[in-house]
Structure formats: structure tokens, C-alpha cells
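The structure under discussion appears below in the form of C-alpha cells.
Because the structure is predicted, anything quoted here is derived from the model rather than measured.
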Amino acid sequence: MRVMLRAISTASFLALSLTSILVSARAESTETGHGSSDIFSLLKEESVSTALRREQPISQAPSNVYVITAEDIRHSGAIDVPTLLRRIPGLEVMQVTGADFNVSVRGNNQLFANKLLVLVDGRSVYIDVQGFVFWKGLPITLPEIKQIEVIKGPIAALYGFNAYDGVVNIITKTPDELKGTTVQVGGGEVGTVSASAIQAGTAGSLKYRISGGYEQTHQWRNRDTLAQRSSKFNAQFEYPMPDQSNLTLSSGLVHMDPHDGPVVGVGNTILTPEVVLPYINGSYDRPNLFLRAYWNGFFADAAAIPHPLLQPFITITDRGGNSNLGFASNTYNVEGQHSVSIGNIGRLTYGLNYRYNTLSCDCTTSFEREHRLGAYVQAEWSVFPSVTVIGGLRYDLHSEINPTYSPRLAVLYTPVPGHTFRAQASVGYRPPTLFETHQDVRLNPLVSNPLLSSSSAVLGSRNLRPEEILSYEAGYQGWFYRHRIRVRADFFYNRIFDLIGRSSTGTVTTTFNTGKIEILGGEAGLEFQASSWLTGFVNYSYQQIKKNTDGLARRGAPHSKVNAGLRAEWFNGLSGEAVLHYVGPATYPVSDSFDIFNMSPGTRVSGYTLLNLRAGYRFWEQDTGTGSRRSAELAVSAFNVLDDHREHPLGDLIGRRVMGWLTLKF
């Protein structure tokens with residue numbers, strides 16, 4: 001209750017501040033004549049490419065899209081992408097340990113979250129064979145990011161399997177946009193270090209970007225012990241070709257050692273692996289056409305360690321008694337897409353992709369592999385100048401399951417410029433992973449217990465159906481006060497079928513498909529520019545789980561969340577930002593292994609308020625003759641400056657972290 005009262009009082013203060021700011025801004029605009037020379041009368045509408053796989057204004061996107069810009073990243077003081085994603089209404093972000101995040105959408109979060117497709121420049125970094133994302137091991141440094149586009153709701157009609165809850169597409173800056181050298185170094189409490197260096201330029205017609213990064217954090221539960229350390233290297237080369245076409249080749253490697261997580265459900269293990277994530281990506285783009293091929297590797301030397309509460313009671317091994325559960329997997333993907341215009345009122349887009357996944361691990365029954373083939377078509381039709389209809393259908397074949405169909409239909413209505421209404425319905429699927437299908441591990445008791453007196457097998461199943469979601473959504477987006485204020489509101493209703501859970505019979509635990517879940521809710525928010533130096537946002541999201549299931553597949557989520565932020569940036573180089581997140585209380589399922597040994601951590605977490613602050617001073621800025629800009633900035637950031645809190649019953653107590661930053665561009 002105290003946390004909620006604090007959040008309400010803080011939000012009230014921000015609302016009163018917003019009212020006074022807008023009154024002042026209106027008076028200021030009156031004094032300047034409110035004309036076109038009013039330099040702070042415009043908020044720029046973003047262009048997005050993820051919703052239709054082509055550039056378009058965000059207000060015309062047939063999906064619920066939010067954008068995090070490079071300036072949002074710079075002013076946040078964040079060291080990772082999940083911290084940035086917290087500001088988006090309807091997005092569920094849960095930090096469990098110093099290195100483990102779970103991110104999902106609209107009440108559908110869980111440990112080892114596996115329902116959100118994550119892309120970097122259109123290449124999937126979602127690990128198909130296990131169904132999760134290493135958020136602390138993304139193959140990109142934060143200064144390289146141009147914008148992050150987030151789609152809430154299934155978009156499988158374009159992206160196929162795993163675009164279940166939505167898509168996060170991290171779009172990087174081009175070599176032209178990063179031309180020169182960029183260096184950023186940060187360090188502070190909880191053993192936190194973040195460093196990156198980027199060199200971008202041209203060599204004749206060839207454009208290049210080379211980057212390296214290093215990051216480490218310590219554990220929240222033991223601030224003298226390493227939680228994760230990662231090193232990353234990326235190289236990208238672009239070669240312009242005739243007819244506005246472009247050839248791109250990129251490659252990189254992320255090395256993580258060790259890794260405090262992820263915390264998973266059955267056995268409640270914390271894997272502490274050495275993880276290597278290499279990739280090679282090649283693409284050819286021209287207007288209305290792209291071709292892409294890539295390889296992703298996932299190699300981990302993982303020790304299976306029970307949750308700290310269970311370590312005195314059980315061990316986790318493969319069927320031969322070995323606790324080293326090393327992984328080796330490969331993903332090979334080839335895809336292409338082509339679009340044609342149909343007069344002045346329509347466009348037809350169609351595409352094809354093939355994917356091949358392999359998994360080798362002592363924790364599965366044998367060397368496993370799967371094939372996926374998908375084809376899709378999408379039509380856009382401007383019925384009237386104010387009405388656009390977008391319809392799409394995807395057909396997917398999978399070597400482990402029956403074929404699936406993923407339709408999407410959206411209608412956009414723009415009665416007057418600057419105000420758009422959207423209604424849509426869509427279907428998405430997440431197939432069972434190779435690990436869920438072929439898992440074979442053992443829980444071994446260290447002490448005598450009537451319910452676990454001998455080794456218990458945890459097995460996958462080849463009879464699993466894909467998880468399915470049917471989503472309905474209606475939304476509005478509009479501009480006011482000459483683009484000083486943008487208002488957005490969305491309502492949704494999701495029906496979820498065949499979630500994959502666990503069932504225990506005697507000494508055997510197997511995977512199976514559970515029942516139906518229904519979640520409904522909505523989000524509303526606004527962004528504003530009050531003056532030439534002050535901007536801000538506030539949003540609220542609500543969700544209610546009307547129908548739930550049992551066991552570890554049971555959904556848990558807070559009913560209410562509030563995000564609010566203010567950002568100031570003056571012409572003298574000073575800047576500051578404050579972002580507040582209030583997350584209501586929630587109940588999450590935990591494994592019955594804790595009840596067996598009377599070590600239950602409970603299932604409920606209290607509501608919490610997370611306040612992040614940053615102040616910076618850009619003390620040097622200079623334009624160059626080549627069109628780039630040199631600069632130097634010092635900053636200090638503070639994460640979670642209010643109360644310590646937990647975000648999951650099995651999670652660590654998340655504390656405060658203060659850091660200093662130096663960013664140079666020359």
C-alpha cells in the first residue's frame with residue numbers, strides 16, 4: 001500500500017507539473033504568434049518498417065507500434081534493452097537476477113519467457129531450439145541503435161512462428177549515420193561496467209561499421225560475486241549497387257561468461273554457462289524486394305544448478321548423472337520478399353522463407369533437428385481516401401507439427417489528418433521447441449523425502465501441439481496542439497490455446513498442452529513537448545486474466561502499471577531525465593519442488609515503484625566539414641533510486657545502482 005501511495009503521489013505531481021507546463025507553453029506560443037517559426041510546436045512522427053516490412057508513418061501502421069529512439073536511449077542511462085522497454089505500455093518486463101530478464105506482452109510473461117520475437121535489423125536473435133532470448137547477450141552495443149520498434153500483438157502473418165506476443169525489432173544506425181569514432185564508457189555500483197567503441201566510414205564505394213563492447217554486472221543477492229560478463233564484436237559492410245539496391249554483409253560474436261540465469265520452471269534451475277553466440281548475415285535490398293540469408297550459432301557449456309533454496313536437497317543431471325548440460329545448436333535461414341503496386345490504391349506483398357534448426361545436448365534424447373517452410377501473402381487496399389484495409393495470410397509447414405495458418409486483418413480509418421482509428425484481428429503460433437519435445441534430465445534427491453525418494457525424470461513429448469493466440473484489438477492515435485501532444489489508446493482481447501506446461505505422475509514429469517486462457521485490457525497514454533527544452537510522456541495499462549489454467553503454465557501479471565517521464569535538454573549542453581514505473585502486485589506460479597521440501601518462497605510479489613534518473617553535460621560539440629558532428633558528454637545515472645523490490649517470487653531483491661558515463665564522438 002505504501003508503494004502504491006507513493007506511486008500515486010508521484011504520478012499526481014507529474015500530472016500537475018504537466019498541466020502547468022502546458023499552460024506556460026500555450027502562453028509562450030501566444031507570445032510568439034503560434035506560427036510556423038515556433039521551434040517547439042512539433043513532435044516528429046516516427047517512420048517504422050516492422051509492421052509492413054516497409055517504411056511508413058507510425059500512425060498508418062496496421063499494428064500497435066511503439067518506437068524507442070536513439071535519443072531515448074542516450075537520455076535513459078540504461079545498460080540494457082529491457083530497461084528501455086519498461087516505458088512502453090502493455091509490455092511486461094521482469095528482472096529475475098543480475099543477468100536474467102523476461103519480456104513479454106499484455107499479461108503473458110513467465111520465467112524463461114518464450115513468446116516474443118526479437119530481431120536485430122530483421123535477423124532473428126530468438127533462440128529457436130530453446131525458445132528464449134539472451135537479453136544481456138544481444139549482438140549490438142547501445143550507441144549503435146537507431147531505434148527500437150515494438151509491436152504488441154501477434155504478427156505471425158508476416159514473421160511466422162514465434163511472433164506470438166509481438167515483435168521487438170532493433171534497428172541499427174547506418175555507417176553514414178555513425179561516421180567517425182564513437183566511444184562510450186560507464187561504470188558504477190554492483191560491479192557494473194559498460195564500454196563500447198564504434199568505427200564507421202567509407203573506403204571507396206564500400207561503407208563499413210565495426211564495433212566492440214564489454215559489459216559486466218554483479219549479483220543483486222551478493223554484490224561481490226559476478227553475475228555476468230559479456231564481450232561482443234560486430235562488423236558490417238554495405239556496398240551500394242545500381243537501381244537503388246544495396247548489398248550488406250555482417251558478422252559478429254557474443255561471448256558470455258558466466259551467466260547468472262536464466263531461472264527456469266521445472267527444477268527451478270539456474271544455469272551458469274559459458275555462452276557463445278556467433279552469426280553471419282547477408283542481404284540484398286532494392287525497392288520492393290529483399291533477399292536475406294543468415295546463420296546463428298548457440299553454444300553453451302552449462303552447469304545445471306538448482307535454485308539456492310533447493311541446493312541442499314536436489315541435484316540436476318542428464319540421464320547419465322552428468323550435471324554439465326552443454327548445448328550446441330545451429331539455425332540456418334533463407335528468406336525473400338517482393339512487393340508490387342496495384343495502381344494507386346493497392347499493394348501486394350508476398351514472401352517465402354525456409355529455416356533449419358539443429359540441437360545437440362546430453363539433456364535431450366539424441367541429436368535433434370527440425371525443418372520449417374513458410375509462405376505468405378499480404379494485400380493493402382485504399383478503399384477510400386480515409387479508409388485502408390490490410391489483409392494477410394501465412395501458411396507454415398513444420399517437421400514436428402501439423403501445418404498452421406496465420407491470418408491477419410486490419411482496418412485503418414483517418415477521418416481527418418492527424419487522427420487515425422485502427423481495428424484488427426490476428427492469429428499467431430509458437431511451435432514446441434526441440435528442447436520441449438526431446439528433453440531428458442533427472443532430479444536427484446540429496447535427502448530422504450516421501451514425495452521424492454528416488455531420481456525423477458523430466459521428459460519432453462512428441463505429441464505437443466503449437467501454442468496458439470487469437471487477438472482482437474482496437475486503437476486510436478491522434479495529434480493535438482500543432483503536434484505538441486500525441487494521444488494513444490488501445491483495447492485488446494486475447495484468447496490463448498494449448499499453452500505448453502508440465503504434468504507429474506509418480507517419478508516422471510512430462511510436457512503437455514494445457515487449456516484455454518483469456519486476457520483482456522487496454523492502454524492509454526500521451527507524449528508531449530511543452531517547450532523547446534522540455535518533453536515528457538505518461539501512460540497507463542490495465543489487464544485482467546478472465547480465464548486461467550493450472551500449474552507452471554498459469555499466467556500471472558499485475559492488473560495496473562503506470563509509466564511517466566520528463567526530459568529536459570538545454571542549449572548550454574545540460575540535460576536531465578526522470579522516468580517512473582509503477583507495477584502493481586502480481587501472483588506467479590512456482591514449481592512444486594519447493595513444497596516437497598517445505599521451502600516455498602510464496603507466489604505473490606508486491607507492487608513496486610522504480611525510479612530512474614540521469615543528468616548529463618555535453619561540454620564539447622563541433623560540426624565537421626563532412627557533415628558529421630563531434631561531441632563529448634559526461635553523465636551520471638541512477639537506477640531504482642527508491643525501494644528495493646522483487647519482480648518474481650524466485651527472483652533476487654533488485655537494488656539501486658549509480659553509474660558515471662563518458663561518451664565521445666569524433
Side-chain angles (χ1 to χ4, degrees), residues 1-11 13-14 76-104 107 109-111 113 135-136 188-192 217-223 225 227-228 260-263 268 270 307-309 539-543 556-565 578-590 594 600-614 637-659:
M1 179 61 70
R2 180 169 60 89
V3 173
M4 187 171 183
L5 290 174
R6 177 179 293 181
I8 292 173
S9 63
T10 306
F13 172 75
L14 289 171
S76 69
I79 64 170
D80 46 55
V81 170
T83 299
L84 295 166
L85 297 177
R86 290 180 185 269
R87 66 180 62 201
I88 298 178
L91 216 63
E92 311 287 345
V93 178
M94 175 201 300
Q95 185 173 14
V96 184
T97 70
D100 183 22
F101 284 90
N102 294 287
V103 182
S104 205
N109 213 358
Q110 63 189 98
L111 289 180
W135 287 102
K136 300 294 281 187
E189 293 183 297
V190 204
T192 306
T217 54
H218 284 186
Q219 297 177 4
W220 291 112
R221 62 186 180 276
N222 184 352
R223 295 192 172 209
T225 302
Q228 67 90 25
D260 185 23
V263 179
N268 300 284
I270 297 180
H307 189 276
L309 291 176
N539 57 62
Y540 170 77
S541 58
Y542 172 83
Q543 60 238 338
H559 282 304
S560 297
K561 295 185 296 179
V562 178
N563 303 305
V579 177
L580 173 81
H581 309 281
Y582 168 72
V583 180
T587 300
Y588 298 96
V590 298
F594 293 97
S600 177
T603 60
R604 188 171 177 82
V605 291
S606 301
Y608 62 88
T609 302
L610 176 66
L611 178 62
N612 299 331
L613 305 173
R614 179 189 181 272
S637 64
F639 169 82
N640 191 28
V641 299
L642 300 177
D643 297 333
D644 295 353
H645 66 275
R646 293 186 201 278
E647 300 181 10
H648 189 275
L650 297 180
D652 292 343
L653 195 65
I654 309 299
R656 185 194 65 194
R657 178 177 58 234
V658 177
M659 294 182 63

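- Trp220 has its side chain within reach of Val190: a pair of non-hydrogen atoms, C-beta onward, lies under 4.5 Å apart.
- Across all their heavy atoms, Ala113 and Val103 have their closest contact at CB-O, 3.9 Å.
- Residues Trp135 and Leu85 are in side-chain contact: their nearest non-hydrogen atoms beyond the backbone lie under 4.5 Å apart.
- To the nearest 0.5 Å, the span separating CZ on Arg86 from CE on Met94 amounts to 10.0 Å.
- Residue Asp652 holds its CG atom at 9.5 Å from CG of Asp100, rounded to the nearest 0.5 Å.
- Note: Thr609 OG1 to Asn640 CG = 9.5 Å, rounded to the nearest 0.5 Å.
- Between Leu650 and Val590, the closest side-chain pair of non-hydrogen atoms falls below 4.5 Å.
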What's the verdict on side-chain contact (heavy atoms from CB on, under 4.5 Å) for Gln95 and Val93, showing C-alpha distance, side-chain angles and the deciding distance?
CA-CA 7 Å; Gln95 185 173 14; Val93 178; over 6 Å; no
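- Scanning for ring pair (Phe, Tyr, Trp, His ring centres under 6.0 Å) contacts around His645 gives Tyr608, with sequence neighbours left out.
- From Glu189, atom CD reaches atom NE2 of His218 across 12.5 Å, with rounding to the nearest 0.5 Å.
- Closest approach of Gln543 and Ala557 over heavy atoms only: NE2-CB, 4.1 Å.
- Smallest separation of non-hydrogen atoms from Gly556 and Tyr588: O-CE2, 3.0 Å.
- Side-chain contact check for Val579 versus Asn563: every heavy-atom pair is 4.5 Å or farther apart.
- A donor-acceptor distance shorter than 3.5 angstrom exists from the side chain of Asn539 to the backbone of Arg87, with no hydrogens or angles considered.
- Minimum interatomic distance between Leu84 and Ser76 (heavy atoms only, all atoms of both residues): CD2-OG, 3.2 Å.
- The heavy-atom pair separating Gly584 from Pro558 by the smallest distance is O-CB, 3.2 Å.
- A heavy-atom distance below 4.5 Å is found between the side chains of Ile79 and Met659.
- Here NE2 of His648 is found 12.5 Å from OG1 of Thr97. Values are rounded to the nearest 0.5 Å.
- Taken to the nearest 0.5 Å, the CG atom of Leu610 stands 8.0 Å off from the CG atom of Leu580.
- Qualifying side chain to side chain contact (heavy atoms under 4.5 Å, CB included) partners for Asp80, counting only residues two or more places apart in sequence or in other chains: Pro82, Thr83, Phe101, Lys136.
- The minimum heavy-atom distance between Glu92 and Asn109, with the atom names listed, is O-ND2, 3.3 Å.
- The closest side-chain heavy-atom distance from Asp260 to Arg221 is below 4.5 Å.
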